[in-house]
2 protein chains.
Amino acid sequence: MTILRNRPSAGSPERGIPDATVARLPVYLRALNALTEQGIGTCSSNDLAAQAGVNPAKLRKDLSHLGSYGTRGVGYDVEYLRYQIALEIGQNQDWDVVIVGVGNLGSALSAYQGFSTRGIRVAALVDSNPERIGTTISGIEVSAMADLKKVVAEREISIGIIATPGEAAQEVADRLVEAGITSILNFAPALVQVPDNVDVRKVDLSIELQILAYHEQRKAGEAS
Amino acid sequence: MTILRNRPSAGSPERGIPDATVARLPVYLRALNALTEQGIGTCSSNDLAAQAGVNPAKLRKDLSHLGSYGTRGVGYDVEYLRYQIALEIGQNQDWDVVIVGVGNLGSALSAYQGFSTRGIRVAALVDSNPERIGTTISGIEVSAMADLKKVVAEREISIGIIATPGEAAQEVADRLVEAGITSILNFAPALVQVPDNVDVRKVDLSIELQILAYHEQRKAGEAS
DNA sequence: TCGATTTTGAGAACACGTTCACAAACTCTT
DNA sequence: AAGAGTTTGTGAACGTGTTCTCAAAATCGA
């Protein structure tokens, strides 16, 4: 008896796509949209990889995790591939998100143009500052933290964004989890602890610049 | 004759720190600051790793790339280690940055509180929109794109932030490079091509949410 | 129909990053 | 002074991600 490996049978889009691949699928989607706008209906892995800024072999390996959507000697049908990737990453539906904290960053995010075209809809804003509650930002009324659970339930929101100062992050994360949120994007410069079933991604603006500063320092010190 | 490997001689802080380690050093710095605030003068790799949210073995391996700053049986001196890491990533000096594009996101970044405490100073704002030029945002006057080169030279800025729509990103990157910028943080949803000597890091807000959406979809489809 | 050409899909090699596990180096107690 | 306990630093094992390479599968022209 042979041990069956979890190789997808090409028809069933078997689970288990590597994290690194998942992170690049939205990039491919964007590249495919660009090709469509240029009126290109078919492309090779070379073309698409160039547009997406990755190695062609990596692109093909990534796509091979979804299935076999190309044709040897020909390439990929742009529209078909776009559809398959969109299906895979849930891009053919809209995702409602709630932003907690409508300071400068939260307000900027609520007005961000790039979300809507990628299936992201800012459906609710929440803040703890009484002066902000009730005001309207980017066409959305700011709710109180106390109403978070109600808002999340009403709009069936599953993704939350933390855009508060670091001190408030853990408290906000707890509230989000309590309200039923299962994915969090955390912009606050702090770690947050959540249950296992909740996904957290962290974007740390300072750290990105600190990494660049490190490389700048290295360049500057290349007199040795 | 043995081949000499580029093992640092522990005294000389030899170059070549892995990227993954560099990206975590600012996290350790933040954790050390937190420990100092709690009045803790010495910590083990376990303590610090818990504070930073990483595996203790990873922390020790990371620190070993900088040198041997701990004491066996004792741990690390918080203040000494903080100083050494700060030295390594250039945190004991301030880094001036220029933000190009003062729309919602650019404005939010210029007001971001988290930068100043991490050695980042927003020194200049630039925009192409005539209506914005000359206005003051977060205490800084917005300059015209045409003055970018002058501003960068005057203030000796080496790091630039692109906070424009995607269409303008490449043009802005070209101008930044031309002005002498050698590190770029790109918030625009677009690839930018730059010379080899220029570092680019990309923060893509939509993609972060799309990745979370993918995981949400997987959770939702766990009826199979 | 056949050979030349193109291009995918995937095995294999490689590179990078993480974690384990333990000797070495230190402190503390007796 | 010696043994027990603690904790670092690092070699080795492991896992993930990337790149190379090429057989297989398709197209096209003659």
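Throughout, a chain's letter reflects where its sequence line sits, starting with A, and its residues are numbered from 1. Keep in mind it's a predicted model, so treat the numbers as computed, not measured.
Remark: Q38(B) CD is packed, more than 12 non-hydrogen atoms of other residues, nucleotides or ligands lying under 6.0 Å away.
Across residues 32-45 of chain A, S44(A), S45(A) each have a non-hydrogen atom less than 4.0 Å from an atom of DNA chain C (numbered order). Residues from residues 192-210 of chain B lying near DNA chain C, meaning a heavy-atom separation below 4.0 Å, are absent.
Y80(B) is linked by a ring-ring contact (aromatic ring centres under 6.0 Å, His included) to Y69(B), counting only residues two or more places apart in sequence or in another chain. In this view, K202(A) and D204(A) satisfy the salt bridge (Lys or Arg N to Asp or Glu O under 4.0 Å) rule, not counting sequence neighbours. With sequence neighbours excluded, no residue forms a salt bridge (Lys or Arg N to Asp or Glu O under 4.0 Å) with R118(A). Residues satisfying the ring-ring contact (aromatic ring centres under 6.0 Å, His included) test with Y28(A), not counting sequence neighbours, are none. Partners of R155(A) under the salt bridge (Lys or Arg N to Asp or Glu O under 4.0 Å) rule, at least two apart in sequence or in another chain, do not exist in this structure. Partners of R121(A) by salt bridge (Lys or Arg N to Asp or Glu O under 4.0 Å), not counting sequence neighbours, listed by chain and number: D94(A), D96(A).
Contact between the side-chain N/O atoms of Y76(A) and the OP1/OP2 oxygens of dG9(C) is found at a separation under 4.0 Å.
Per the geometry, CG belonging to D62(B) stands 12 Å off C1' belonging to dT19(C), to the nearest Å. Atom CG in L63(A) sits roughly 10 Å away from atom C1' in dT8(C) (whole-Å rounding). As rounded to whole Å, 13 Å separates atom P of dT18(D) from atom CG of D19(B). Taking atom CG of residue L59(A) and atom C1' of nucleotide dG9(C), one finds them 12 Å apart after rounding to whole Å. At whole-Å resolution of the value, NZ in K58(B) and C1' in dG9(D) are 18 Å apart. The interatomic distance linking L48(B) (CG) with dG9(D) (P) rounds to 12 Å, in whole Å. Here dT8(D) presents its C1' atom at 11 Å from CG of N46(B), a figure rounded to the nearest Å. Remark: C1' of dT8(C) and CG of L66(A) are 14 Å apart, rounded to the nearest angstrom.
Sorted by first and then second residue, the side-chain hydrogen bond (donor to acceptor under 3.5 Å, both in side chains) pairs with a member in residues 172-183 of chain A read Q170(A)-D174(A), E171(A)-R175(A), T182(A)-E216(B), S183(A)-E216(B); sequence neighbours excluded. Sorted by first and then second residue, the side-chain hydrogen bond (donor to acceptor under 3.5 Å, both in side chains) pairs involving residues 101-110 of chain B (not counting sequence neighbours) are S110(B)-S138(B).
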Base-contact (B) and sugar-phosphate-only (S) positions in nucleotides 20-28 of chain C, heavy-atom cut-off under 4.0 Å, - elsewhere
BB-BBBBS-

Please output the side-chain donor-acceptor pairs of residues 191-200 of chain A that fall under 3.5 Å, not counting sequence neighbours, one pair per line with the distance.
| from | atom 1 | to | atom 2 | distance (Å) |
| --- | --- | --- | --- | --- |
| D199(A) | OD2 | K219(B) | NZ | 3.1 |

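V100(B) places a side-chain heavy atom less than 4.5 Å from the side chain of M145(B).
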